[in-house]
Amino acid sequence: MIKKVDHIGIAVKSLENALPFYTEVLSLPLLKIEVVESQKVKVAFLQAGETKLELLEPVSEESTIAKFIEKRGEGIHHVALGVNSIEERIMELKEKGIRMIDESPRLGAGGAHIAFMHPKSSSGVLYELCEKKGLKG
Ligand code: ZN
């Protein structure tokens, strides 16, 4: 069902302040920076071997990332699992009694189809299912 850990989402107050650690200290290639309007975040993707790191900076106080940082501070926000046929995976999870935040997929960064599981179902870890339909990476 799960192909790999696609990326790890990390909440930061400022991409500008956070990025040098990744690009200069860890020397990770910066793949792209984009604003995801639907989630009110600006994201930066870095390649870390097979997996990517997704830095998320809130662009509005309404953003769930802004609320996350306010409550818990900066840090790991979610783990994204790469899947195929995301609609079927959501169905399977629901059949297994997993509560979904997103009952149907929505568009995430880079045009990926994503759906979040409710962390109550997974010992406090926020998992994202992520399908790159016809997208590379
Ligand atoms: Zn993500």
Side-chain angles (χ1 to χ4, degrees):
M1 163 172 180
I2 308 299
K3 293 194 297 179
K4 62 173 182 178
V5 173
D6 183 84
H7 64 265
I8 295 169
I10 299 164
V12 300
K13 287 179 187 163
S14 154
L15 284 183
E16 199 187 332
N17 291 344
L19 271 173
F21 170 76
Y22 294 93
T23 56
E24 287 164 32
V25 179
L26 299 182
S27 301
L28 298 178
L30 175 62
L31 300 175
K32 63 179 172 191
I33 295 180
E34 73 173 277
V35 173
V36 183
E37 286 297 342
S38 61
Q39 288 161 73
K40 300 188 176 70
V41 286
K42 187 156 78 171
V43 304
F45 278 100
L46 299 128
Q47 193 74 47
E50 292 262 299
T51 301
K52 289 181 279 298
L53 300 178
E54 177 187 41
L55 304 185
L56 303 129
E57 175 197 307
V59 294
S60 152
E61 283 175 20
E62 299 296 295
S63 168
T64 55
I65 296 300
K67 288 168 191 155
F68 175 89
I69 290 172
E70 200 178 295
K71 240 165 95 181
R72 299 167 68 168
E74 294 178 297
I76 293 182
H77 178 259
H78 66 271
V79 176
L81 305 171
V83 299
N84 288 325
S85 312
I86 190 167
E87 290 89 351
E88 286 171 36
R89 300 290 88 78
I90 293 171
M91 292 293 285
E92 277 172 19
L93 287 167
K94 284 169 69 181
E95 278 164 21
K96 289 177 180 172
I98 301 301
R99 212 167 122 198
M100 298 295 299
I101 292 173
D102 300 302
E103 302 252 327
S104 55
R106 57 187 164 104
L107 281 183
H113 294 242
I114 64 166
F116 283 96
M117 283 181 231
H118 198 285
K120 278 234 160 72
S121 295
S122 51
S123 308
V125 178
L126 179 60
Y127 282 108
E128 171 191 331
L129 300 181
C130 174
E131 179 177 24
K132 311 249 165 88
K133 273 184 189 154
L135 303 166
K136 60 182 166 93

>> Are Val59 and Ile69 linked, directly or through intermediate hydrophobic residues, by side-chain heavy-atom contacts shorter than 4.5 Å (ILVMFWY only)?
In response: no

> Can we say Glu92 and Arg89 salt-bridge, meaning some charged N sits less than 4.0 Å from an Asp/Glu carboxylate O?
Replying inline: yes

>> Would you say that Lys52 contacts Asp6 through its side chain, given a criterion of any heavy-atom pair below 4.5 Å between the two side chains?
In response: yes

Expected list for residues 16-42: side-chain donor-acceptor pairs under 3.5 angstrom, two or more places apart:
unit_1: Thr23; atom_1: OG1; unit_2: Leu19; atom_2: O; d: 3.1
unit_1: Glu34; atom_1: OE1; unit_2: Gly110; atom_2: N; d: 3.3
unit_1: Glu34; atom_1: OE2; unit_2: Gly110; atom_2: N; d: 2.9

> Are Phe68 and Leu56 linked, directly or through other ILVMFWY residues, by side chains that come within less than 4.5 angstrom of each other?
Replying inline: yes

> Under a 4.5 Å side-chain heavy-atom rule over Ile, Leu, Val, Met, Phe, Trp and Tyr, are Val12 and Val79 clustered together?
Replying inline: yes

> Can you find a heavy atom in the side chain of Lys94 that is under 4.5 Å from one in the side chain of Glu103?
Replying inline: yes

> Around atom CE of Met1, are there more than 12 heavy atoms of other residues, nucleotides or ligands at under 6.0 Å?
Replying inline: yes

>> Per the salt bridge (charged side-chain N to carboxylate O under 4.0 Å, His left out) rule, what does the pair list look like for residues 71-83, sequence neighbours excluded?
In response: none

> Does atom NZ of Lys67 have more than 12 heavy-atom neighbours from other groups under 6.0 Å away?
Replying inline: yes

>> Do Leu46 and Val43 sit in one hydrophobic cluster, given that two such residues count as connected whenever their side-chain heavy atoms are within less than 4.5 Å of each other, even indirectly?
In response: no

Solution key, residues 114-130 side-chain donor-acceptor pairs under 3.5 Å, sequence neighbours excluded:
unit_1: His118; atom_1: ND1; unit_2: Lys120; atom_2: N; d: 3.0
unit_1: His118; atom_1: NE2; unit_2: Arg99; atom_2: NH2; d: 3.3
unit_1: Ser121; atom_1: OG; unit_2: Arg99; atom_2: N; d: 3.0
unit_1: Ser122; atom_1: OG; unit_2: Val125; atom_2: O; d: 2.5
unit_1: Glu128; atom_1: OE1; unit_2: His7; atom_2: NE2; d: 3.4
unit_1: Glu128; atom_1: OE1; unit_2: His78; atom_2: NE2; d: 2.8

> Is there a donor-acceptor pair under 3.5 Å between the side chain of Glu131 and the backbone N or O of His113?
Replying inline: no

>> Using 0.5 Å steps for rounding, measure from the NE2 atom of His77 to the CG atom of Leu55.
In response: 13.0 Å

> In the single-linkage hydrophobic clustering (I, L, V, M, F, W, Y; side-chain heavy atoms under 4.5 Å), do Leu53 and Ile76 co-cluster?
Replying inline: yes

